[in-house]
Structures are given as C-alpha cells and as structure tokens.
A.B. asks: 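Structure in structure tokens, see below.
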Amino acid sequence: QVQLVESGGGLVQAGDSLRVSCAASGRTLNNYAMGWFRQAPGKEREFVAAVSWSGSSNYYADFAKGRFTISREYGKDTVNLRVDSLKPEDTARYYCVADPSFRAIIASDDIELWGQGTLVTVSS
C-alpha cells in the first residue's frame with residue numbers, strides 16, 4: 001500500500017519562504033505525476049501545482065504563478081513545493097497527491113493518492 005507523507009509545514013511569518021515536501025513509501029510510483037492541493041480554514045480544497053513524472057512539465061493555478069515553485073527529480077517519488085513571500089492567506093493544510101495522469105491532477109479529477117496534509121500557518 002502506497003502512502004504519501006508530507007513534511008515541512010509550520011508557523012512562519014508573512015514575507016518568509018517555506019518548502020513543504022512529500023515522499024511516497026510502500027512501492028515505486030512509476031510514471032506517476034505528483035502535485036499539491038491546499039485547503040484553507042472554512043474554504044474548499046483547491047489545486048496548487050502539478051509536476052510530471054519526469055519533472056520536465058509543471059502547471060500552476062493562477063494564484064500560484066510567481067510565488068510557488070514545484071520541483072521533482074526525474075523518476076523520484078518525492079515532490080517539493082516552495083512558497084516565497086508568504087501571505088496570511090496562504091495559511092492552509094497542504095496536501096500532496098499522485099496519479100498516473102498529469103491532467104487528472106490539474107483537473108482535480110478522481111486523483112488516486114492523497115497524503116494526510118501538512119499545516120502551514122502564516123502570521124502577519
């Protein structure tokens with residue numbers, strides 16, 4: 001059974017940078033795309049970013065363009081998300097996901113694997 005485990009969340013100040021990471025365990029995720037979603041208190045979960053299996057393609061939600069960077073080493077079952085110039089509205093639980101389809105992650109369409117999430121709190 002595959003598990004996605006996130007790490008790197010915590011309490012940070014507005015303007016800081018933070019990197020959250022995710023690693024898969026249990027079996028190798030051959031040809032799986034990976035990505036990140038987030039859910040802020042009282043709001044619906046939303047797509048943040050996705051990266052292909054090779055790491056050569058990525059896609060960001062409009063709000064994430066410019067401050068968020070998703071990265072992945074080729075063929076590795078780990079994915080990172082760096083957020084720069086953090087804002088209080090970035091406060092959320094950040095979830096790692098994985099699916100054979102890059103498009104499914106972008107479309108939030110029946111994604112196969114989800115982590116438990118890591119909480120990021122940004123103080124003003």
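All values below were derived from every heavy atom in this structure, side-chain atoms included, with hydrogens, water molecules and symmetry-related copies excluded.
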A.B. asks: With a 4.5 Å cut-off on side-chain heavy-atom distances among I, L, V, M, F, W and Y, is there a chain of contacts connecting Ile105 to Val79?
C.D. replies: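 Shared cluster, no.
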A.B. asks: Within the 4.5 Å heavy-atom criterion, are Tyr59 and Ile70 side-chain neighbours or not?
C.D. replies: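 Sidechains of Ile70 and Tyr59: no contact.
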A.B. asks: Applying a strict under-4.5 Å side-chain criterion to I, L, V, M, F, W and Y, I'd like to know whether Val97 and Phe102 cluster together.
C.D. replies: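 Same hydrophobic cluster.
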A.B. asks: Could you grab the distance from atom CZ of Arg38 to atom CD of Glu46, nearest 0.5 Å is fine?
C.D. replies: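 Reported to 0.5 Å precision, the distance equals 4.5 Å.
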A.B. asks: Should the ring pair Tyr95 and Trp114 be called parallel, tilted or perpendicular, given that the plane angle runs from 0 to 90° and is split at 30 and 60?
C.D. replies: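 Rings of Tyr95 and Trp114: perpendicular, as their planes differ by over 60°.
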A.B. asks: Fit a plane to each ring of Phe68 and Phe63, take the angle between them on a 0 to 90° scale, and name the class: parallel (under 30°), tilted (30 to 60°) or perpendicular (over 60°).
C.D. replies: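 Taking Phe63 first and then Phe68, their aromatic rings stand perpendicular (interplane angle over 60°).
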A.B. asks: Around atom CD of Gln116, are there more than 12 heavy atoms from other residues, nucleotides or ligands closer than 6.0 Å?
C.D. replies: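 Open: at most 12 neighbouring heavy atoms sit under 6.0 Å from CD of Gln116.
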A.B. asks: Within the 4.5 Å heavy-atom criterion, are Leu113 and Leu29 side-chain neighbours or not?
C.D. replies: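 Contact flag for Leu113/Leu29 side chains = yes.
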A.B. asks: Could you tell me whether the side chain of Tyr60 reaches within less than 4.5 Å of the side chain of Ile106, counting heavy atoms only?
C.D. replies: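 With C-beta onward as the side chain, the pair stays apart.
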A.B. asks: Side chains of Val2 and Glu112: does their closest heavy-atom pair fall under 4.5 Å?
C.D. replies: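 They are not in side-chain contact.
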A.B. asks: So do the side chains of Trp36 and Cys22 get within less than 4.5 Å of each other, counting heavy atoms only?
C.D. replies: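 Side-chain contact under 4.5 Å: yes.
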A.B. asks: Keeping the roles fixed (side chain from Ser123, backbone from Val12), state whether a donor-acceptor pair exists under 3.5 Å.
C.D. replies: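 Indeed, once roles are kept as given, a pair shorter than 3.5 Å links the two residues.
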A.B. asks: So which of Asp90, Asp16, Asp62 actually passes salt bridge (charged side-chain N to carboxylate O under 4.0 Å, His left out) with Arg67?
C.D. replies: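 In the set Asp90, Asp16, Asp62, the residue that makes a salt bridge (charged side-chain N to carboxylate O under 4.0 Å, His left out) with Arg67 is Asp90.
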A.B. asks: With distance as the sole test, does Arg72 use its side chain to make a donor-acceptor pair with the main-chain N or O of Lys76 at under 3.5 Å?
C.D. replies: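 Side chain of Arg72 to backbone of Lys76: a pair is present.
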A.B. asks: Atom CG of Asn58 and atom OG1 of Thr69: how far apart are they, to the nearest 0.5 Å?
C.D. replies: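 It comes to 8.5 Å.
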